[in-house]
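To start, the structure itself, in structure tokens.
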Amino acid sequence: MSPSARTSWKLPAALAAALLASMLLGWLVGGQVTAWVAVVAIAEVVLLLTRIGHQTRTMMTAPASTSPLQHDRFMTRSRRLASNLRDLRNAASQLPDAVVLIDQQQHIRWFNHAAENLLGLRRPQDRGVLLLERMAGSELSEWLRDGAHEPLNDAVAPGRADSQLNVSLLPFGDHEQLLLARDISHLNRLEQVRRDFVANVSHELRTPLTVIHGYLELIDPEDVPELASVLGEMRSQSKRMGQIVEDLLTLSRLETQHDVADERVPMAALLATVRKEAEALSQGRHQITLESNTDADLLGSPKDLHSALSNLVSNAVRYTPAGGSITIRWQRTPEGAVYSVSDTGFGIPANHLARLTERFYRISSSRSRDSGGTGLGLSIVKHVLNLHQAQLQIESTPGAGSTFSCHFGPARLLAPGGSDEG
Ligand code: ADP
């Protein structure tokens with residue numbers, strides 16, 4: 001077999017295998033990875049289509065001076081290429097994610113079946129049309145107009161109002177771009193089932209736990225001295241369970257909330273409260289300092305902000321050995337204002353930092369439990385901050401201490417008198 005003939009079947013075969021492997025891997029792994037895997041697969045297909053098209057055209061126009069044997073070979077190769085081309089086109093068309101190839105000016109060049117279904121594109125009339133115009137009136141058009149720098153999550157599918165999409169726009173080739181849209185409706189439904197389940201279980205557990213806890217409180221250990229230590233343990237465990245249930249209910253509520261009440265949160269009073277709470281928890285084992293360079297108040301939910309800010313203080317006390325110090329700061333910055341809690345405690349190894357705000361994620365379960373933790377505190381903090389468009393930043397050095405900072409934007413700041421700070 002000639003080298004060019006070998007290339008003619010090896011290239012499509014290798015790329016078809018890569019496409020299949022990519023799709024399989026994508027479906028197995030799921031989530032964001034699929035989007036990237038699909039990009040690679042599609043990129044391969046489109047690249048291949050271009051090359052094969054070129055090769056096929058070259059062969060079809062093979063010089064007439066070739067011998068009959070050479071001509072037969074050309075014809076066989078071009079038939080094989082045409083068949084590979086068809087297979088790959090079919091494979092690309094059948095991808096479950098919508099794929100649209102657009103040129104530099106964002107004219108639609110090619111799209112698969114899922115794009116018809118999810119984005120409402122029509123064949124052949126939408127070829128060559130501006131994607132932005134075709135998506136007019138949908139969330140996608142605004143996103144495209146803004147440059148589509150970040151993936152768009154949970155967008156209503158322009159082709160199917162009951163579906164939600166995750167959409168990304170990725171550079172492809174020299175000047176083109178690939179728009180990928182993945183139907184995430186079933187994931188959203190599963191997420192909803194999970195949320196409902198957790199909320200319902202927590203709710204159902206609340207009453208029996210309250211009853212058990214109430215009866216345990218009624219028993220006087222002096223009446224049953226032989227059971228005094230057992231009683232103490234039962235009380236502390238039922239209290240812990242009660243706290244876990246309350247935290248789970250708080251999280252369920254925060255997860256379903258999209259915004260918060262815009263109320264004034266007087267920061268001077270809140271800072272004084274969290275400091276008092278820290279002192280009560282520390283029982284004189286730590287040096288606790290409060291520093292502030294602004295009298296700005298916050299705009300948001302007083303209850304949720306109190307819960308988040310005091311959570312960070314309580315963590316600092318619980319994860320700092322006796323003799324350590326804790327500093328609570330409220331400071332104006334050029335970007336807004338920052339509430340931070342620094343401690344000289346155990347610190348956190350860098351590999352744990354990214355996962356700390358996941359539910360029940362702990363570096364040491366025993367240390368967390370012994371200090372009365374539920375493993376849900378930082379998850380609550382993250383949700384509360386998200387609802388206030390604020391970001392949590394964690395800096396830590398194992399053995400030296402940690403700083404947890406909450407960064408609030410100017411839109412969330414109020415001058416103490418009552419007007420906007422921003
Ligand atoms: P927990 O109830 O276990 O404290 P959190 O969600 O509040 O749950 O915190 C998650 C984990 O992060 C903790 O278990 C602990 O390992 C770590 N952590 C949180 N705050 C600190 C801190 N200030 N210093 C060291 N580790 C911390």
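The figures here come from the full heavy-atom set of this structure, side chains too, leaving out hydrogens, waters and symmetry mates. Bear in mind the structure is a predicted one, so any value in this text is a computation, not a measurement. As the structure lists them, so they are numbered: ligands from 1, and atoms in each ligand from 1.
Under the 3.5 Å distance criterion, the side-chain polar atoms of D343 are left unmatched by any main-chain donor or acceptor of G401.
When each atom of ligand 1 is checked for a heavy atom of L378 under 4.0 Å away, the hits are 5 (P), 6 (O), 7 (O), 9 (O), 10 (C), 12 (O), 19 (C). Each of the atoms 3 (O), 14 (O) of ligand 1 lies under 4.0 Å from some heavy atom of R362. Using a 4.0 Å cut-off to heavy atoms of S402, the atoms of ligand 1 that qualify are 24 (N). Close approach of ligand 1 to T374 (heavy-atom distance below 4.0 Å) involves ligand atoms 2 (O). Residue-ligand proximity, G377 to ligand 1, at heavy-atom distances under 4.0 Å covers atoms 5 (P), 6 (O), 7 (O).
Using modelled atom types, one finds no donor on one side chain facing an acceptor on the other under 3.5 Å when comparing S405 with S340. A donor-acceptor pair shorter than 3.5 Å can be found between the side chains of Q243 and D247. Side-chain atoms of N188 and Q192 form no donor-acceptor pair, as typed in the model, at a separation below 3.5 Å.
Residue F360 places no heavy atom under 4.0 Å from ligand 1. Look at G345 and you'll find every heavy atom at least 4.0 Å from all atoms of ligand 1. By the 4.0 Å heavy-atom criterion, F346 is excluded from the residues contacting ligand 1.
The nearest protein atom to atom 8 (O) of ligand 1, hydrogens excluded, is given as G375 CA, 3.2 Å; this is a heavy-atom distance. Summary of contacts: the protein heavy atom closest to atom 3 (O) of ligand 1 is S368 OG, 2.5 Å. Nearest to atom 16 (O) of ligand 1 among the protein's heavy atoms is I363 N, 3.2 Å. Counting protein heavy atoms only, atom 19 (C) of ligand 1 is closest to N315 ND2, 3.5 Å.
Ionic pairing of E191 and R194 is present here: one or more N-O contacts between side-chain nitrogen and carboxylate oxygen are shorter than 4.0 angstrom. Contact check on D262 versus R412 returns a salt bridge, with a Lys/Arg side-chain nitrogen under 4.0 Å from an Asp/Glu carboxylate oxygen.
Only side-chain heavy atoms of I348 come within less than 4.0 Å of ligand 1; its backbone N, CA, C and O stay farther off. Counting heavy atoms closer than 4.0 Å to ligand 1, residue H352 contributes nothing at all. Contacts of V381 with ligand 1, taken as heavy-atom pairs under 4.0 Å, are absent altogether. For F404, every heavy-atom contact with ligand 1 shorter than 4.0 Å involves the side chain, none the backbone.
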